[in-house]
Number of protein chains: 2
Amino acid sequence: MGVPDDQLHAEIAARLRAHGLRVTAPRIGVVMALERTPHADADTVARQVRKSLGAVSTQAVYDVLHALTEARLVRRIEPAGSPARYETRVGDNHHHMVCRECGVVADVECAGEAVPCLNPGPTHGFVVDEAEVTFWGTCARCHTSESTETSLIKENG
Amino acid sequence: MGVPDDQLHAEIAARLRAHGLRVTAPRIGVVMALERTPHADADTVARQVRKSLGAVSTQAVYDVLHALTEARLVRRIEPAGSPARYETRVGDNHHHMVCRECGVVADVECAGEAVPCLNPGPTHGFVVDEAEVTFWGTCARCHTSESTETSLIKENG
DNA sequence: CGGATAATCTGGAACTAGTCAACTAAGCGC
DNA sequence: GCGCTTAGTTGACTAGTTCCAGATTATCCG
C-alpha cells in the first residue's frame, strides 16, 4: 500500500532471483499486479500488467504465473465456479472466504492455533501435505444489497 | 455393491419423486452411475449412462447433474485442476482427499468432533454458510509407484 | 565485454468443460 | 388417452487454458 513502485520493483526482482528465476519485465509486472490485487485471476493480472508494461501476450502471463507457482512464489487457488486466482501470500497457512454472489475472495487467518484441520483422521493410505479450507457464504456487500435488493453489479476485486 | 440394479433403480426413482423431480431414464442413469462411481466427472457419468441407456446427449447429462445438484440430491465438488465431480453423499459434512498425481478423490469423515474448521474467526462481514475442506496429497497407489518406479525426477517440494 | 546457451516470449491455433437457444419428445395429473 | 409442462436433443458457441514453432533475451563463463 505505501510502498513506492520502484522499491517494490527491486524487492520483487530480488525475490525472483532468490528463487532461481530470471528477472524479466513480465514477471515483475505479474508479481506487482498480484501484490496490488490479491486473488486476481489470470485475465485481471494480464490487464494490469499490460496497463503498466504495454503489450504482453496472454501466454506470457500464464507462463509466468505457472513458473511463479512452481517456484512457490505465488499460490494458485481455484474456488469452484471461478477461474484460477493467484496470490503472493505464501508460506503461511491462511484460508479463504468466497462470496457466492460476487465471487470476491478474502483471506482468513487460520483461526485455530495448531492447524486443527490438518488431521484428516484415517487417510486410507493417503499422504496428506496440505489442507485447504474454503469458507462459502455471502460477503458484507452482497448480504446488504440482498436485503435492499437490486442494484449491485460487483465492482470489488 | 450388493444391491441389484432394479432395486436400486426403484429406490432412485422414489428419491427423485421425493424431491419433486420427474423420473426419467437419464436421471435414473445419472444417479445410478454416481452411486456406482462416486466423485465421477460429467464425462465419466455421461459414458456410464450411455453404456446402460444407449444415446444420451451431453447436454442432458449436464442438465440432469445441474437439476440434481439444485435439488440437493447430489453434491458437486470441484477440486482445483480437475473438472467438476459429483457424489450422492449429501447431508453429512464429510470432506475430501485429493491425490495430486492422479486426481483420485476419497471421502474423509470430518475427523474433528465439533467441526473445528467451521469457525473462520473474524469474518470481515462475511456470512459463512459452509466450510469446505480439501486435503491434498498423494494416494497410496501413487505414493508407492513413486518410490518404486524410480525415474520420477522432481524432488524439490 | 562478448558470445554461447538455454530459458522466455510471441502469436495463433487448438482443446476441454460447460452454456445457450430453438425445437422435439416424453412424464404424469386429469 | 389428452395435453400441459418439463426434459432431452442438437449444434453452435464461450471462457479459460494449454500447445506449438520460431524469434528474443537474460545469464553464465571465460
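Just so you know, these numbers use all the heavy atoms, side chains as well, and skip hydrogens, waters and symmetry mates. Note that this is a predicted model, so its numbers are computed, not measured.
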Enter the distance from B:His39:NE2 to B:Thr88:OG1 here, rounded to the nearest 0.5 Å.
-> 8.5 Å
First locate atom CG of B:Leu16, then atom CD of B:Glu11, and finally report the distance between them rounded to the nearest 0.5 Å.
-> 9.5 Å
Please figure out whether B:Arg22 or B:Pro26 has its closest DNA chain D nucleotide nearer the 5' end.
-> B:Arg22
Of the listed nucleotides ([options]), which one gets closest to any side-chain atom of [X]?
X: A:Gln59; options: D:dC19, C:dG18, C:dA6; result: D:dC19
X: B:Ala60; options: D:dA26, D:dT9, D:dT6; result: D:dT9
X: B:Ala42; options: D:dG8, C:dG18, C:dA7; result: C:dG18
X: A:Arg27; options: D:dT17, C:dC9, C:dG18; result: C:dC9
X: B:Val23; options: C:dC28, D:dG8, C:dC9; result: C:dC28
X: B:Pro83; options: D:dG16, D:dA7, C:dG18; result: C:dG18

State whether a side-chain donor-acceptor pair under 3.5 Å links B:Glu87 with B:His94.
-> yes
Could you tell me whether the side chains of B:Arg50 and B:Thr58 share a donor-acceptor contact shorter than 3.5 Å?
-> yes
Rounded to whole Å, please give me the gap between [atom1] in [X] and [atom2] in [N].
X: B:Leu21; N: D:dT5; atom1: CG; atom2: P; value: 18 Å
X: B:Asp63; N: C:dC20; atom1: CG; atom2: C1'; value: 11 Å
X: A:Arg47; N: D:dA15; atom1: CZ; atom2: P; value: 13 Å
X: B:Tyr62; N: D:dT14; atom1: OH; atom2: C1'; value: 13 Å
X: A:Leu65; N: C:dC9; atom1: CG; atom2: C1'; value: 14 Å
X: A:Asp43; N: D:dA15; atom1: CG; atom2: P; value: 10 Å
X: A:Arg85; N: D:dT17; atom1: CZ; atom2: P; value: 11 Å
X: B:Leu16; N: D:dG8; atom1: CG; atom2: P; value: 10 Å

Reckon B:Ser57 touches a base, only the sugar-phosphate, or nothing at all at heavy-atom distances under 4.0 Å?
-> base
Tell me what B:Ala67 touches on the nucleic acid: a base, only sugar-phosphate, or nothing, going by heavy atoms under 4.0 Å.
-> nothing
Within a reach of under 6.0 Å around NE2 of B:His19, are more than 12 heavy atoms found that belong to other residues, nucleotides or ligands?
-> yes
Output yes when at least one side-chain N/O atom of A:Thr24 is less than 4.0 Å from OP1 or OP2 of C:dC9, else no.
-> yes
Distance check: side-chain N/O of A:Arg17 vs OP1/OP2 of D:dT27, anything under 4.0 Å?
-> yes
